[in-house]
Number of protein chains: 2
Amino acid sequence: MEDHEGLKKTGLKVTLPRLKVLSIFENSKEKHLTAEDIYKEMLGGGDEVGLATIYRVLTQFEQAGLLIRHHFESGKAVFELHDKAHHDHIVCLQCGHVTEFVNEEIEKLQTKVAEEHGFRIIEHSLIIYADSIKKPCNHKK
Amino acid sequence: MEDHEGLKKTGLKVTLPRLKVLSIFENSKEKHLTAEDIYKEMLGGGDEVGLATIYRVLTQFEQAGLLIRHHFESGKAVFELHDKAHHDHIVCLQCGHVTEFVNEEIEKLQTKVAEEHGFRIIEHSLIIYADSIKKPCNHKK
DNA sequence: ATGTATGCAAAACATTTGCACCTGG
DNA sequence: CCAGGTGCAAATGTTTTGCATACAT
């Protein structure tokens, strides 16, 4: 719960909306959330907050390195905590659940390919859209 | 130029805006275009067209399998022709130019990783955001 | 003819910004 | 106290939709 530490280091003031946003990311079962998701969660929890604040806080947290912003195919931005190591994503086409994975070989190959084309990787995004082999998938129960 | 064939097969009527959109994708130097890009190109070429039509045509072409829609980090959707084999993308952070590449090893590893997690890949998107080693980069000259 | 396509304007979304008020340090 | 944060409403930028007209077959 002591998010004060991480927050303070960013130079941002420790305010209620900011603590609440972090707490939602930490306690929610779904680790990948949109601004709207968080807004609804906070309203449901009885907090008085504006959607604009959520957007501002999410952007600040992204710039501070606390969150990562993703652009999946939904048209809305999705955020997740940036506390773990880098990883890529498998999006389940049945239920939308996001599975994380890391594959060092793929990482190395990317660096090699980029070099061959005269680039140095700053960042990358690998998203696999897939059917679950088990039907129905039970990711979200 | 004979796009009539591909178009007819989709069941869509062969109209001027549709032919023109295909022609732009085929003749443009930049292969990855936004709706706005195409709109401006058509206006500049003296065509009378509505932006709404562009969006409708792009969406229909995507559904028909003639185009692929990408969501890079720009907030706008980017389209490209779907005639070539599958490939991934390197986005140049200096100029925005998109370089295409294929790496069979990466493809195979993805399939393997997906299987290990109980998935069958339907589609995937690998986007590398990178600095050009040459500065200034001369992709867009 | 007749069902589709189109252009325009208005609507629908996601996100950002201006501004007066509030609040953490 | 006061710089920075917040809520609200209005603005923005992208994409979609309703509708009357125009066009392909």
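The chains referred to below are lettered A, B, ... by the order of the sequence lines, with proteins before strands, and numbering in each begins at 1.
Taking the side chain as every heavy atom from C-beta outward, A/Ile128 and A/Asp88 never approach each other to under 4.5 Å.
Heavy-atom nearest nucleotides on DNA chain D were determined for B/Ala52 and for A/Gly11, and the one closer to the 5' end corresponds to A/Gly11.
With rounding to the nearest 0.5 Å, the separation of NZ in A/Lys20 from CG in A/Asn27 is 8.5 Å. Atom CG of residue A/Leu51 and atom CZ of residue A/Arg56 lie 10.0 Å apart, to the nearest 0.5 angstrom.
Across all strands shown, A/Glu48 has heavy atoms under 4.0 Å from sugar-phosphate atoms exclusively, and none from any base. Looking at heavy-atom distances under 4.0 Å, A/Ala77 makes contact with sugar-phosphate atoms alone, never a base.
To the nearest angstrom, C1' of D/dG13 lies 12 Å from NZ of B/Lys40. Here D/dT14 presents its C1' atom at 17 Å from CD of B/Glu73, a figure rounded to the nearest Å. Here D/dG7 presents its P atom at 10 Å from CG of A/Leu43, a figure rounded to the nearest Å. Between the P atom of D/dG13 and the NZ atom of B/Lys76 lies a distance of 10 Å, rounded to the nearest Å. C/dG7 atom P lies 7 Å from atom CE of B/Met42, rounded to whole Å. To the nearest angstrom, C1' of D/dT15 lies 14 Å from CD of B/Gln60. Distance CD1 (A/Ile54) to P (D/dG5): 15 Å, rounded to an integer number of Å. One interatomic measurement links the two molecules: CG of A/Asp47 to C1' of D/dC8, which rounds to 17 Å at whole-angstrom precision.
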So if I define the base as every atom that isn't primed, P, OP1 or OP2, how would nucleotides 20-25 of chain D read as a B/S/- string at a heavy-atom cutoff under 4.0 Å? ----BS
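The aromatic rings of B/His87 and B/His32 sit perpendicular to each other, their planes meeting at more than 60°, with 30° as the lower class boundary.
Phosphate contact (OP1/OP2 of D/dT16, side-chain N/O of B/Tyr55, threshold under 4.0 Å): absent.
Between C/dA9, D/dT15, C/dT15, one nucleotide has an atom nearer to the side chain of A/Leu51 than all others, and that is C/dT15. Among D/dG5, C/dA5, D/dT16, the nucleotide with an atom closest to any side-chain atom of A/Arg18 is D/dG5. Comparing D/dG7, C/dT15, C/dG7 by their closest approach to the side chain of A/Val49 singles out D/dG7.
Residue B/Arg56 places a side-chain atom within donor-acceptor reach of the base of C/dG7, judged by atom type and a 3.5 Å distance cut-off alone.
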Given the rule in the ring-ring contact (aromatic ring centres under 6.0 Å, His included) test, do B/Phe72 and B/His70 qualify, once you have shown the distances and angles that lead to the verdict? CA-CA 6 Å; B/Phe72 298 161; B/His70 295 288; 5.3 Å; yes
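Within a 6.0 Å sphere centred on NE2 of B/His82, other residues, nucleotides and ligands contribute 12 heavy atoms or fewer.
Listed by first and then second residue, the side-chain hydrogen bond (donor to acceptor under 3.5 Å, both in side chains) pairs that reach into residues 35-48 of chain B are B/Thr34-B/Asp37, sequence neighbours excluded.
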